[in-house]
Undergrad: 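Next up is a structure, given as structure tokens.
Residue numbers begin at 1 in each chain, while the letters A, B, ... track the order of the sequences.
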Amino acid sequence: MTKYIKKRLIGLIVVLIGITFLSFIMSNISPVDPAEAFMRRNAQTATEEQIENLREEMGLNLPIHTQYLRWLTNAMQGDFGKSLVSNKPVMEEILSKFPATLTIVGMALIIIVVLTIIIGVLCASHKDSLFDNLTKVVTILGVSIPNFWLGFMLLFLFAVSFKLVPVVGYGSIKNAILPSITLAIATSSSSIRLLRSNMLENQNKDFVTYAKARGIPKKKIIWKHIFKNAVPPMITLFGQTIGYMIAGTAIVESVFSWPGIGSYAVNAIFARDLPVINAYVLIMAFIFVICNLLADILNAALNPQMLRESGDL
Amino acid sequence: MLGKIIKNKQAVIGLIMIIIVLIAAVLAPVIAPNDPMKVNITKKFQNNSSEYPLGTDQLGRCVFSRLVYGARYSLGIVIPILLVVALLSIILGTSAAYVGGKFDRIFILISDMVMAFPPLVIVLALVGSLGQGILNLAFAMIFSVWVWYAKVVRSYVLIEKNKDYVTAAIIAGSTDKDIIIKHIVPNILPSLIVFFSTGVAGMILMISGFSFLGLGIEAGTPEWGAMLSGAKQYIYSRPYMIAYPGICILFTAAGFNLFGEALRDIISP
């Protein structure tokens, strides 16, 4: 187990270096000169000399590899420079947006897990029933529905027509209900189907036949044998999903005017606020990689025999 | 293969849905009763009539005609992107798996790095730094997804490469080029078609999402995501203006998903 974790951590370091490298490239291929953009925005009349001075101050005249190292050293200390729009430290602003995003992602995750387990197990244990077929149709719609549209439809239905929840706003849990549901639908749909097919696959395995032969009650077989063995791929999926959702909230947040990290990034894009975009990309990739790693390690800890089979240990 | 598709109810429904959208895209000028771009302020927010089957929008443009033309944008953007991604991923994935060794290790290293970014983040970053516009959006989409596809192609080729018939072809003296083009690619093609078909649905959703955010496609364009974005301020007074474009996106994406999944069941039951 420790050997596996060590191996993964070494791999992680390589990937993290790659991430910083790619993030740096992606935000430096911009045709816009950040120094000029900043001066145009903050000073009415910017002379060539002023722009040149700022360029020097920002280190833009240095060779590209020096710039990268400088940026990396600062980034590792949590310093991503200042926003070109608000002139405040980027890190400070991003940290202040995180709670809003984590609220809806956390709530969405609870919805996803509950829906997946209840519906997935019911479908697998009542294969080809009316409920199973209905779920199939609903989940196909669930993965095909544009989430921003779903958001508007929920908003119209529950906030405008039935007036059950406030239209838009931020602060209470009530406000977070609709954005969380919107965020949860697509992932729930795909994970319900994954759980169902994993469980059906396990249903025909020898250990289930043996358990049946021993006369173990059906309910116990479903939970203790079939469900338990269908969980590992789900953990991998959820690890990936958390990272996806934190990044994917941009669209949902924009529908509900939710003041999270996603809408912050979208606003930065409209303003061409490069330091913000830069930090956003790096932090998102970081979260994504860490979530995936944690899911893999959790899986390895729960099923050490899986590592042995795949030759990782 | 074709016979199996026709017998599969889900595949037929999906295929019909795709064909309807395709027909709408190709025959848009014939189907649409009005010019989708024609502004007529005196006729704004009209109800359904024989002249305007689904009424008019805030600028008096025919909603139905705009929806029909929208199919052109959705498919017209997705299909070229998909072709480039397919070509790139088949070439890179196949050569990584077939050549192996150092080339494969470099491929894995690069793909691990790119896959550390959720595709949405890459697109946001690239559109953010390159600027908005449809070409930049297309480039960003291609860059963000190619690696996921290439990785899948690589895994298919790895399985295929070690099969007996490839060994036999090598012994018989076939060239690498012949083995790849005549043996491996045709054999993995069905699985790839399934994978790309469900990929189309995801891409349509992604593109409409970006044009909803206002990134990539100009406001006023009769593209479904952009139409929805333009209608959002009328959610209280005219909710149908939001409903229609969403239904079109859902219909198209569901068609590709239904077809792709049915195809998967047919190929690997």
Undergrad: Checking an interface table here. Which of residues 128-143 of chain B come within a heavy-atom distance under 4.5 Å of chain A?
TA: B/G128, B/S129, B/L130, B/G131, B/Q132, B/F143
Undergrad: Locate the shortest heavy-atom distance separating B/G209 from A/I251; write the atom from each residue and the value.
TA: CA-CD1, 3.9 Å
Undergrad: Which bit of A/V143 comes within less than 4.5 Å of chain B, counting heavy atoms only: side chain, backbone, both or neither?
TA: both
Undergrad: Mind checking whether A/S144 and B/F256 have side chains closer than 4.5 Å, heavy atoms only?
TA: no
Undergrad: Which pairs count as ring-ring contact (aromatic ring centres under 6.0 Å, His included) when at least one residue sits in residues 201-221 of chain B, sequence neighbours excluded?
TA: A/F148-B/F212, A/F152-B/F212
Undergrad: Below 4.5 Å from any heavy atom of chain A, which atoms of B/I110 appear? Answer side chain, backbone, both or neither.
TA: neither
Undergrad: Under the salt bridge (charged side-chain N to carboxylate O under 4.0 Å, His left out) test, which residues partner A/R193, sequence neighbours left out?
TA: B/E261
Undergrad: Please walk me through it: do A/M153 and B/I242 pass side chain to side chain contact (heavy atoms under 4.5 Å, CB included)?
TA: CA-CA 8 Å; A/M153 292 297 115; B/I242 287 189; 3.6 Å; yes
Undergrad: What is the minimum heavy-atom distance between A/G243 and B/P118, and which atoms define it?
TA: O-CG, 4.4 Å
Undergrad: State, to 0.1 Å, how close B/A116 and A/F288 come at their nearest heavy-atom pair, and which atoms those are.
TA: O-CD2, 3.0 Å
Undergrad: Nearest 0.5 Å please: distance from the CG atom of B/L258 over to the CD1 atom of A/I140.
TA: 4.5 Å
Undergrad: Sort by residue number and list every residue of residues 192-203 of chain B having at least one heavy atom under 4.5 Å from chain A.
TA: none
Undergrad: Could you tell me whether the side chain of B/F117 reaches within less than 4.5 Å of the side chain of A/L22, counting heavy atoms only?
TA: yes
Undergrad: Using non-hydrogen atoms and a 4.5 Å limit, figure out which bit of B/L120 sits close to chain A: side chain, backbone, both or neither.
TA: side chain
Undergrad: Give, as side chain, backbone, both or neither, the part of B/M206 having an atom under 4.5 angstrom from any heavy atom of chain A.
TA: neither
